[in-house]
*Asks:* 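My questions all concern the structure below.
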Amino acid sequence: MGVAYKNSETPFNTTLADQRLYIQISNHLFSSVRVAVTLKGFELEREGVKMTSSETLTFMELAIHQAKLALDVLEVPVGCVIVEDGKVIASGRNRTTETRNATRHAEMEAVDVLLVQWQKNGLSMSEVAENFSNCSLYVTCEPCIMCASVLSILGIKEVFYGCSNDKFGGCGSILSLHLSNSTPLNNEVSSGKSFKCTGGIMASEAVLLFRTFYEQGNPNAPKPHRSLAPQA
């Protein structure tokens, strides 16, 4: 028996079988449109990622260069740059051996460059904090717990890193200090802020530098105080 649709839900008078077929066709067309829109959105998103990735790779290459400078002087090869408004405003590399100071990681070196510069310019603490909130860090290895804590307290905007730091990583490997506001240790220490963190950028290049460093041997490594017991 035919069914007439007054509101033009279908373009014809139809039997029940025809109605079911029409619904199937409509659903298929709707799904096709939805898939097309989804794919288009993915393409646009992917294009955006490519644009961001190109810029990210450029800055990470500069960080890799800093790591190579560290390797050249027998330091653990980690390097970084700090970027504001698309421009590198500070760079750093590991200098723990040179300075005989275990805290002189690449991130700390770059941060100190900015702190000294901004203090000379007469910036207040609030202005320094505002500046850091507009900065992104590109570093060849995941910041350790110490450096991640500092970055959180300073209020860095974003961190991009190369390889993971499986022993001391503060951005997901051991602790996740980038994810949420941290509780202040006491009244004198400012609470930290969360920051966006993206890893795995040029990770193979960063790992290769570490491999080169450890394969050539570290002459600055502490010598054992006593010989190993002979094997039975």
Side-chain angles (χ1 to χ4, degrees), residues 48-70 75-96 102-115 117-118 128-184 189-210:
V49 169
K50 283 183 179 179
M51 291 175 61
T52 303
S53 177
S54 176
E55 183 180 73
T56 299
L57 289 175
T58 297
F59 292 129
M60 189 58 74
E61 286 173 354
L62 296 176
I64 290 286
H65 174 69
Q66 290 294 318
K68 289 179 178 178
L69 293 179
E75 295 275 4
V76 177
V78 177
C80 73
V81 294
I82 296 179
V83 175
E84 182 182 27
D85 296 330
K87 297 180 180 179
V88 175
I89 59 174
S91 62
R93 61 170 177 82
N94 261 9
R95 294 179 65 237
T96 57
T103 69
R104 304 320 299 163
H105 290 189
E107 300 94 322
M108 304 296 284
E109 289 285 306
V111 163
D112 280 353
V113 168
L114 293 179
L115 289 177
Q117 177 183 326
W118 289 339
V128 168
E130 182 178 355
N131 281 0
F132 272 117
S133 70
N134 294 319
C135 291
S136 298
L137 171 74
Y138 296 79
V139 60
T140 57
C141 183
E142 176 189 354
C144 69
I145 293 171
M146 174 188 70
C147 292
S149 297
V150 170
L151 295 171
S152 177
I153 292 171
L154 291 173
I156 197 81
K157 176 184 177 182
E158 193 168 10
V159 171
F160 299 88
Y161 67 84
C163 60
S164 298
N165 186 342
D166 295 334
K167 291 185 177 180
F168 308 108
C171 295
S173 291
I174 303 299
L175 296 180
S176 298
L177 300 175
H178 65 296
L179 288 181
S180 60
N181 293 342
S182 60
T183 303
V189 180
S190 170
S191 61
K193 298 179 180 179
S194 61
F195 55 88
K196 186 177 179 181
C197 201
T198 304
I201 301 164
M202 296 184 69
S204 59
E205 287 87 342
V207 169
L208 180 59
L209 290 176
F210 280 117

*Asks:* Would you say the side chain of Ile201 lies within less than 4.5 Å of the side chain of Leu57, judging by non-hydrogen atoms?
*Replies:* yes
*Asks:* Which atom pairs, one a donor and one an acceptor, fall under 3.5 Å between side chains of residues 103-112 and the rest of the protein, sequence neighbours left out?
*Replies:*
residue: Thr103; atom: OG1; partner: Asn101; partner atom: OD1; Å: 2.8
residue: Arg104; atom: NE; partner: Glu109; partner atom: OE2; Å: 2.8
residue: Arg104; atom: NH1; partner: Asp112; partner atom: OD2; Å: 3.2
residue: Arg104; atom: NH2; partner: Glu109; partner atom: OE2; Å: 3.1
residue: Arg104; atom: NH2; partner: Asp112; partner atom: OD2; Å: 2.6
residue: His105; atom: NE2; partner: Ala102; partner atom: O; Å: 3.2
residue: Glu109; atom: OE1; partner: Arg95; partner atom: NH1; Å: 3.0
residue: Glu109; atom: OE2; partner: Arg95; partner atom: NH1; Å: 3.4

*Asks:* For residues Leu177 and Phe195, report the shortest heavy-atom separation together with the two atoms involved.
*Replies:* O-CE2, 4.4 Å
*Asks:* Which pair of non-hydrogen atoms, one from Ala206 and one from Cys163, has the smallest distance, and what is that distance?
*Replies:* CB-SG, 3.9 Å
*Asks:* With a 6.0 Å cut-off (strictly less than), is the heavy-atom count around CZ of Phe168, excluding the residue itself, greater than 12?
*Replies:* no
*Asks:* Answer whether the closest heavy-atom distance between the side chains of Leu115 and Val128 falls below 4.5 Å.
*Replies:* yes
*Asks:* Return the SG to CG distance between Cys197 and Leu151, rounded to the nearest 0.5 Å.
*Replies:* 9.0 Å
*Asks:* Just wondering, do Phe160 and Val139 contact through their side chains at under 4.5 Å, heavy atoms?
*Replies:* no
*Asks:* Going from CG on Asn165 to SG on Cys141, what distance comes out if it is rounded to the nearest 0.5 angstrom?
*Replies:* 4.5 Å
*Asks:* Can you tell me which residue pairs pass the side chain to side chain donor-acceptor pair (under 3.5 Å) test with a partner in residues 77-94, sequence neighbours excluded?
*Replies:* Arg93-Glu98
*Asks:* Applying side chain to side chain donor-acceptor pair (under 3.5 Å) as the test, list every pair that has at least one member in residues 154-163; sequence neighbours left out.
*Replies:* none
*Asks:* Using the side chain to side chain donor-acceptor pair (under 3.5 Å) rule, collect all pairs that involve residues 136-149, keeping only residues at least two apart or in two chains.
*Replies:* Glu142-Ser173
*Asks:* Would you say that more than 12 heavy atoms from the other residues, nucleotides or ligands in this model lie under 6.0 Å from the CD of Glu130, or not?
*Replies:* no
*Asks:* Distance from Ile64 atom CD1 to Leu209 atom CG, nearest 0.5 Å?
*Replies:* 5.5 Å
*Asks:* Would you list the pairs meeting salt bridge (charged side-chain N to carboxylate O under 4.0 Å, His left out) in which at least one residue belongs to residues 143-154, sequence neighbours left out?
*Replies:* none
*Asks:* Give, for atom CD1 of Ile153 and atom CZ of Phe132, the distance between the pair rounded to the nearest 0.5 Å.
*Replies:* 12.0 Å
*Asks:* Roughly how far, to the nearest 0.5 Å, is the CD1 atom of Ile145 from the OG atom of Ser152?
*Replies:* 13.0 Å
*Asks:* Quick check for you: to the nearest 0.5 Å, what is the distance between Leu137 atom CG and Cys135 atom SG?
*Replies:* 9.5 Å
*Asks:* List for me each residue that meets side-chain contact (heavy atoms from CB on, under 4.5 Å) alongside Leu62, sequence neighbours excluded, and say none if there are none.
*Replies:* Phe59, Val81, Val88
